Amino acid sequence: MAGTGVGCLLVLFAASRSWVSVKGAGVVAPTGGDLSPALTPIGLAGLAGVVAVLATRGVGRRIIGVLLALCGVAAAASAWTAAGRATVLEWLRGHNAVQAAAGIVWEPVRFWPVVAVTGAVLMAAGGIVAVVRGGRWTGMSARYERPGGAAAKPDDRSMWDALDRGDDPTDSR
């Protein structure tokens with residue numbers, strides 16, 4: 001799951017970086033999150049999924065693994081769409097209206113979309129691993145769970161009997 005967490009962080013970090021290099025004064029360059037507003041929420045959902053996989057067991061872990069894999073696929077699709085020429089041109093024209101009339105000179109920065117897709121692949125792979133092997137992983141500690149569940153709760157009569165013997169019924173020795 002560490003690789004999956006790293007993948008989520010890569011998606012989040014890449015979404016905050018500029019995916020386009022523009023030339024000209026006063027021209028605003030978009031980040032990955034600007035070009036695809038879904039990248040940041042998907043990365044955050046992936047991080048939540050990593051924690052949820054660690055906190056659950058059995059079927060719940062597998063369901064969360066499927067959701068985590070879907071987050072990875074969605075992040076890859078969002079990054080692919082965001083890096084497209086049409087998406088960049090639309091964003092540049094919409095946010096640089098004055099400069100758009102004269103034409104905006106820009107170049108794509110290919111590194112950050114590749115980082116985002118790499119993170120997305122790690123997310124999807126982690127989700128698939130959780131689905132396939134998650135049932136065999138140990139769950140979180142049951143240290144704070146009540147032994148025997150609700151049935152272990154003493155009844156009133158046994159508490160009075162313990163007091164009659166001189167024992168403390170609240171002592172869990």
Side-chain angles (χ1 to χ4, degrees), residues 1-140:
M1 286 284 87
T4 309
V6 169
C8 297
L9 292 175
L10 286 175
V11 169
L12 289 170
F13 188 68
S16 69
R17 305 286 103 199
S18 180
W19 287 23
V20 174
S21 173
V22 293
K23 295 178 178 41
V27 179
V28 179
T31 65
D34 292 334
L35 295 172
S36 179
L39 278 175
T40 300
I42 291 171
L44 292 172
L47 283 175
V50 169
V51 173
V53 163
L54 298 174
T56 56
R57 298 180 193 164
V59 175
R61 180 175 284 163
R62 288 190 169 115
I63 291 170
I64 293 169
V66 168
L67 294 174
L68 193 55
L70 290 174
C71 282
V73 170
S78 293
W80 181 266
T81 302
R85 182 173 177 79
T87 304
V88 173
L89 283 174
E90 180 182 334
W91 193 94
L92 286 173
R93 287 184 185 130
H95 290 82
N96 298 294
V98 174
Q99 293 86 355
I104 299 172
V105 180
W106 63 278
E107 293 178 6
V109 177
R110 297 282 180 216
F111 181 72
W112 296 117
V114 169
V115 169
V117 169
T118 302
V121 168
L122 287 172
M123 286 172 63
I128 292 169
V129 169
V131 169
V132 173
R133 295 188 178 185
R136 292 178 277 200
W137 298 342
T138 59
M140 290 181 74

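Just so it is clear, the model here is predicted, and its values are computed rather than measured.
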*Start with the C-alpha distance between Leu12 and Thr40, add both sets of side-chain angles, then the distance that settles side-chain contact (heavy atoms from CB on, under 4.5 Å), and finish with yes or no.*
CA-CA 6 Å; Leu12 289 170; Thr40 300; 3.9 Å; yes
_Rounded distance [0.5 Å steps], OG in Ser21 versus CD in Glu107_ = 5.5 Å
_Value rounded to 0.5 Å, distance of CH2 in Trp112 from OG in Ser16_ = 7.5 Å
*Heavy atoms only: give me the nearest Ala75-Ala120 pair and the separation to one decimal.*
CB-CB, 3.7 Å
*Enter the distance from Ile42:CD1 to Leu47:CG here, rounded to the nearest 0.5 Å.*
12.5 Å
_Tell me the closest heavy-atom pair linking Ala76 and Val117, and the distance in Å._
O-CG2, 4.4 Å
*What pair of heavy atoms forms the shortest contact from Ala52 to Thr56, and how long is it?*
O-OG1, 2.9 Å
*Quick one: CG on Leu68 to CD1 on Ile63, what's the gap to the nearest 0.5 Å?*
13.5 Å
*What are the two closest non-hydrogen atoms of Asp34 and Ala29, and how far apart are they?*
OD2-O, 4.4 Å
*Of all the heavy-atom pairs spanning Gly46 and Cys8, show the shortest one and how long it is.*
C-SG, 3.3 Å
*Determine the minimum heavy-atom distance between Ser78 and Ala38, stating which atoms define it.*
OG-CB, 3.9 Å
*Drop me the distance from Cys71's SG to Ile64's CD1, to the nearest 0.5 angstrom.*
11.0 Å
*When rounded to the nearest 0.5 angstrom, what distance separates OG1 in Thr87 from CH2 in Trp19?*
10.0 Å
